[in-house]
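Here is the structure we will look at.
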Amino acid sequence: MRRLPPLNALRIFEVAARTGSYAEAGTELGLTHGAVSRQIAALESWLGQRLFMKEGRRMVATPMARIFAAEVGLSFDRLAVAAQACGRPNARRILRVSAPTSFAMRWLIPRLNRYHADHPHVEVAVTTVSTVLEELRGGVDVAIRRGVAREHVWPQHRIVPVLDDVDTLIMSPALFAQRPILKPADIEGHSLLASETRAGDWASWLDAAGLQHLAGLPRQMFDHFFVTRQAVEDGLGIGIGPLPMLEIDVAGGRLMTPLPEIRVPRTGYVALVPRQADAGNLVAGFVDWLVGEAQGPR
C-alpha cells in the first residue's frame with residue numbers, strides 16, 4: 001500500500017502555499033484560519049519538518065515547501081483531468097471570472113452570448129471588483145485586472161494580455177447637437193465629468209489636446225466610471241472614457257466621440273490564471289477566446 005500523507009491536509013497546504021496566506025487559503029476553501037493552521041500542522045508532523053515560517057504577521061512557505069506544493073498541485077491537476085475523463089462528459093461546467101465593474105458591464109458581458117453559443121455546457125459566472133482594488137482573492141478561475149504582463153506583480157499566476165485601453169472625449173449626441181465640439185477649444189463652457197476610479201483622465205487628455213491651461217477647470221466628480229458614463233449619456237456634461245468599452249454605446253447612438261483623433265493610451269487589461277493547470281483546458285480556452293474577441297472585428 002502507498003504511504004500517503006493526509007490528502008485533505010495536502011489540499012489545504014497546496015492552496016496556502018499558492019496564495020501565500022493562511023487567510024486567503026481559508027477564504028478559497030471555506031475554512032477558518034485556525035482550521036487551515038491545524039491541517040498544515042498535521043502535515044508538518046507527518047513529514048517531520050516545517051513547511052511554513054513566520055515572517056512578520058504572515059506564514060511564508062519555505063523553499064522546500066514551495067517545491068513540494070508545485071508537485072502536489074500537478075498531482076491534483078492530473079487527478080482532476082482523470083476524474084473529468086471518467087465523469088459525465090456533458091455535465092455543465094461553471095467558469096468563475098472576476099473583473100473590474102466597467103470591464104464586466106461594458107465589454108465582457110455583452111459578448112458572453114457568443115461564448116455560450118460555442119460552449120453550451122459552460123456557465124460563466126462573473127463577479128465584479130472596483131478597479132482600485134487590485135488584490136486577488138481565491139475562488140475564481142480567471143481574474144481580469146488592469147496591468148501589464150510582469151510576473152513579479154502576480155507571481156502565483158500566469159499572465160495573458162487581453163485588451164489595450166485608450167481614452168478619448170465622450171459626450172451625448174443630443175448635447176453635441178446643442179453645443180457641438182468640433183475642435184479642442186470648444187470644450188470651454190461645458191461641464192466636465194470625472195471619476196474617482198480613473199484619476200488623471202482629464203489632465204492627460206487636456207495635455208494631449210494642447211489645453212494644459214484648462215487643467216484647473218472645475219469638474220463634477222462621481223465615484224465610479226459607470227456612473228460618469230450614465231451622466232454623460234444623460235447630457236449632464238462631457239467626459240473622458242475608455243474607447244474599447246464604449247464601442248457598443250457609440251454603435252448604438254447613446255454616446256459619441258467628437259474628437260476621436262485625440263487619444264490617450266492607458267494601461268490595458270490582463271487575464272490572470274492560477275499557475276495550477278485547468279482540467280480539460282477550459283480556462284485556457286476561455287482566455288484564448290477573450291484575446292480573440294479583443295483582436296477580431298465584430
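Here the structure is a predicted model, which is why all the values come from computation and not from measurement.
- Linking Ile, Leu, Val, Met, Phe, Trp and Tyr residues whenever their side-chain heavy atoms come within less than 4.5 Å leaves M105 and V129 in two separate clusters.
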Item to complete: For the pair D141 and R93, evaluate salt bridge (charged side-chain N to carboxylate O under 4.0 Å, His left out) and give the outcome as yes or no after the intermediate values.
Response: CA-CA 12 Å; D141 300 301; R93 297 285 304 280; over 6 Å; no
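- R50 meets the salt bridge (Lys or Arg N to Asp or Glu O under 4.0 Å) test with E44; sequence neighbours excluded.
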Practice prompt. Show your working on side-chain contact (heavy atoms from CB on, under 4.5 Å) between W107 and Y269 and close with a plain yes or no.
Written response: CA-CA 11 Å; W107 194 87; Y269 292 87; over 6 Å; no
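- Rounding to the nearest 0.5 angstrom, the gap separating the CD1 atom in I144 from the CZ atom in R146 is 12.5 Å.
- Within the 3.5 Å criterion, the main-chain N or O of G241 finds no donor-acceptor partner in the side chain of R229.
- Both L163 and V126 are part of a single hydrophobic cluster, where members link through side-chain heavy atoms under 4.5 Å apart.
- Partners of D186 by salt bridge (Lys or Arg N to Asp or Glu O under 4.0 Å), not counting sequence neighbours, listed by chain and number: K183.
- Residues E14 and A69 come closest through the heavy atom pair CG-O, 3.8 Å.
- M245 and I248 are members of different hydrophobic clusters when ILVMFWY side chains are connected at heavy-atom separations under 4.5 Å.
- Considering CG of D167 and CZ of R198, their distance stands at 4.5 Å, rounded to 0.5 Å.
- Taken together through direct or relayed side-chain contacts under 4.5 Å among Ile, Leu, Val, Met, Phe, Trp and Tyr, V124 and V291 form part of one hydrophobic cluster.
- Considering all non-hydrogen atoms of both residues, T228 and S195 come closest at OG1-OG, 2.6 Å.
- Put simply, the side chain of S37 never gets that close to the backbone of H33: no donor and acceptor are under 3.5 Å apart.
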Practice prompt. Tell me, with the steps shown, if V162 and V270 meet side-chain contact (heavy atoms from CB on, under 4.5 Å).
Written response: CA-CA 5 Å; V162 170; V270 295; 5.6 Å; no
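- Cluster partners of L192, using a side-chain heavy-atom cutoff of under 4.5 Å among ILVMFWY residues and allowing indirect links, are L169, M171, L175, F176, I181, L182, I187, W202, W205, L206, L211, L214, L217, I238, I240, M256, L259, I262, V264.
- When the side chains of ILVMFWY residues are joined at heavy-atom separations under 4.5 Å, either directly or via intervening members, F76 and W46 end up in a single hydrophobic cluster.
- Side-chain N or O atoms of S45 include none that pairs as donor or acceptor with a backbone N or O of A41 at under 3.5 Å.
- Annotation: the span from T32 atom OG1 to R38 atom CZ amounts to 5.5 Å, rounded to 0.5 Å.
- With rounding to the nearest 0.5 angstrom, the CD atom of Q39 is 4.0 Å from the CD1 atom of I12.
- The distance from the CG atom of L290 to the CG atom of L108 is 6.5 Å, given to the nearest 0.5 Å.
- The minimum heavy-atom distance linking R114 with E293 is given by the pair NH2-OE1, 2.7 Å.
- A salt bridge links E247 and R111; the closest N-O separation between the charged side-chain nitrogens and carboxylate oxygens is under 4.0 Å.
- Between D201 and R219, no side-chain nitrogen of the basic residue sits less than 4.0 Å from a carboxylate oxygen of the acidic one, so the salt-bridge criterion is not met.
- Ring-plane geometry between F286 and Y115 is classed as perpendicular, the angle between the planes exceeding 60 degrees on a 0 to 90 degree scale with a lower cut at 30.
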